[in-house]
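Take a look at the structure below.
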Amino acid sequence: MTRMTRSEPKEASQLSLTPAWGAEVAVVDSRALSAQTVLEETIALYGIRNWGSEYFRVNGSGEVVCAFPASQPAHTPLKDLVTQLGDRGIATPVVLRFPQIIQHQLNVLAGAFESAIKEFGYHKDYIPAYPIKVNQKKEVVRDVLRFGDPYQVGLEVGSKAELAVALALTDNRHSPIICNGVKDAGYIKLALIGTQIGKRVFIVVESIFELHALLACSQRFGIRPRIGLRLKLSARGSGKWEKSSGDLSKFGFTTTDLLKGIHFLREADMLDCLNLLHFHIGSQVTEIRRVKYAVKEAARTYAKLRQLCPQLTALDVGGGLGVDYDGSRTASESSVNYSVQEYANDIIYSIKEVCESEGVEEPTVLTETGRMIAAPHAMLVFNSVDEIGLSNGPVWVDDYESRPEVIQEMYDIYTGTNAKNYREYYHDILEQREEMFSLFNLGYLSLEDRGLGQELFWGTCERALKFAKAVKHMPEEFEDLEQRLAHKFICNFSVFQSIPDSWALEQLFPIMPIHRLNEIPERKGYLADLTCDSDGKVDNFIDLRDIKEYLELHALNGEPYYLGVFFTGAYQDVMGDYHNLFGHVHDVSVVIDENGTAQITEIIPGHTVEGVLHIFRYEREELLAAFRTRICEGAEQTGVPAEEEEDLLREYEAVLGSYTYLTPEKDGG
Ligand SMILES: *Cc1c(COP(=O)(O)O)cnc(C)c1O
């Protein structure tokens, strides 16, 4: 192999400073990017126009702003909100909650059904019910009831605890309360009490066994319930929950059970109590045709039963209306291939068609849409505190002449890699690295030289990759290099507390920096959280056509760097756990007022250290007393003077009172 003689060190810097920003952009790069072009490129890169256009946008200064309500021209940067909160002692990580988004989502949902009803001349109403399990937080349930009041929004519950909330909070007499889930006598009794006090409670039974329990209970108390039956359809959902629907689903009546159920109801003289049929084909249904199949099957069952049960007047089509997390509008798991209007049209039209053909009255239609109502209204903001990469910019070699031959050789490869030879040089550096390791293991290389060798290796990989990406078809051997060269961004949050589905289901969320979008994001990175768990990371990101294993990010510059995870309002907030004792994060409600100014309307502080310890029955006083004893014991051995013991206790106490996440040090602190 002939290689050019070694280059002077200063060339290294000239060669390595071009950003690793991808081939397409490298071309643009040479034309010297204008500020506007950079902005356009970054906006396109994170796809915010596809997934966020209704609610979030990027302003001319490269900051993500709230773009709602639609009538408001002024837009508040999210970064300003974070700074304001910081001034009030509320540091990141923080959940930002936007009640106006819940309102808008409800309007969109109810509006879509309203226009479908009008368009197809449907004769009955539509009523949405919000499934509490999607986000049980008091603020969220309260907002749903408040903004859904014009639509008589109801609540769907799946347990005694959820029913207790629903009975106490709903004050609209027409609002339905739909009781799903496995029920014991206490659950059934509380639901019957709901009926007794005049609420519109539907007790949806999921099996013959439960039907018997309900009939017995209602006869004992002399209360006639509104009964719903959950159907086990043969139609299946699509997406992640496909397997738990259809014939294999955990819940519901088969046709045989249904006929038995009717028989028992008739025997008990309670056939007129059967008011509702219910089904649910799973969450985040990605394909509209699955919804159509299920609705047709359920509507047909309704129509047949309706001829036997004149009081059967409602059909509840469950949840499953999906959210387009990646903005691709496809049937991929993080997206949906239909609009809300299309969803409503297909449901209303299908039911109408079946009822007409069977000559029966149409039912009132209920939905249990949860994800669509709640997901977009909340987001998590956190800061990144450190960045760790295998390749860290230009490598310098002093004393070239006195270095071992292998290091000189590696340096020559590093400086000599270019568009023509990058493949060959990449192979060479792989070989030299093996050589370097053997020499080190035999004791011929110093630690310093080994360190230098490593840097030269990764530096060469980075340069070779850049050239490989510039060609039309990147050679296969370079594909996993990209992943290996990605930087690890250490981020101030816990995946397990704040985005559990990212870990448990590999669900994708839109994630992007909320500022600095007028700068080229030179790094490719993945996110590592604070937990000491190798699963505590995010390394799958949305992309229009694919899933990315890294996210384009900005090099940390000493200033706080904030990232947002969007659409975390459904299922994330409330399913998190306390891995490594990281607690709830601060929860802040924000309303955009009529001047377009964002107002912080409510701050619910996250857990302090003692707050999260309390959950596990470690009590503050007990811990302080025990730590005081430990100080005394220790002082005997180490000779800490008695007057300093109090200070040590104060320090311990201060930590008990602090946020469980990383917090900026107070001035002088
Ligand atoms: C979870 C659940 C829902 C909510 O589904 P989304 O996908 O959030 O709309 C509705 N109904 C039942 C029975 C559920 O279990």
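In each ligand, atom 1 is the first atom listed, and ligand 1 is the first ligand listed. It should be emphasised that the depicted structure is a prediction, and the values quoted were computed from it without experimental measurement.
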Would you say ligand 1 has an N or O under 3.5 Å from any N or O of [X]?
X	answer
His278	no
Gly318	no
Arg371	yes
Lys133	yes
Thr369	no
Pro131	no
Tyr571	yes

Between Phe567 and Phe509, does the ring centre distance come in under 6.0 Å?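 No, they do not, as the ring centres are separated by 6.0 Å or more.
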
Going by an N to O cut-off under 4.0 Å, is there a salt bridge joining [X] and [Y]?
X	Y	value
Asp316	Arg230	no
Asp272	Arg224	yes
Arg142	Glu602	yes

[atom] [closest protein heavy-atom partner, distance rounded to 0.1 Å]:
atom	result
atom 9 (O) of ligand 1	Gly370 N, 2.8 Å
atom 7 (O) of ligand 1	Ser283 OG, 2.4 Å
atom 13 (C) of ligand 1	Glu368 OE1, 3.4 Å

Where ligand 1 meets [X] - atom numbers and elements under 4.0 angstrom, heavy-atom basis:
X	value
Asn180	13 (C)
Gly320	5 (O), 6 (P), 7 (O), 9 (O)
Val134	8 (O)
Glu156	12 (C), 13 (C)

Taking the side chain as everything from C-beta on, heavy atoms only, tell me whether Ile188 gets closer than 4.5 Å to Asp184.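 No, every pair of side-chain atoms sits at 4.5 Å or beyond.
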
Determine the sole option in Ile127, Val340, Ile348 for which the side chain to side chain contact (heavy atoms under 4.5 Å, CB included) test with Phe113 is passed.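 Of the listed residues Ile127, Val340, Ile348, the side chain to side chain contact (heavy atoms under 4.5 Å, CB included) partner of Phe113 is Ile348.
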
Atom CD of Glu353 with >12 non-hydrogen neighbours under 6.0 angstrom: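 Check passes, neighbour count above 12.
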
Could you go through Asp125 and Thr364, starting from their C-alpha distance and side-chain angles, then the distance that decides it, and tell me whether this counts as side-chain hydrogen bond (donor to acceptor under 3.5 Å, both in side chains)? CA-CA 5 Å; Asp125 327 332; Thr364 293; 4.9 Å; no

Taking all non-hydrogen atoms of both residues into account, name the closest pair between Val82 and Val381 and its distance.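 Answer, listing the atom of Val82 first, then Val381: CG2-CG1, 3.8 Å.
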
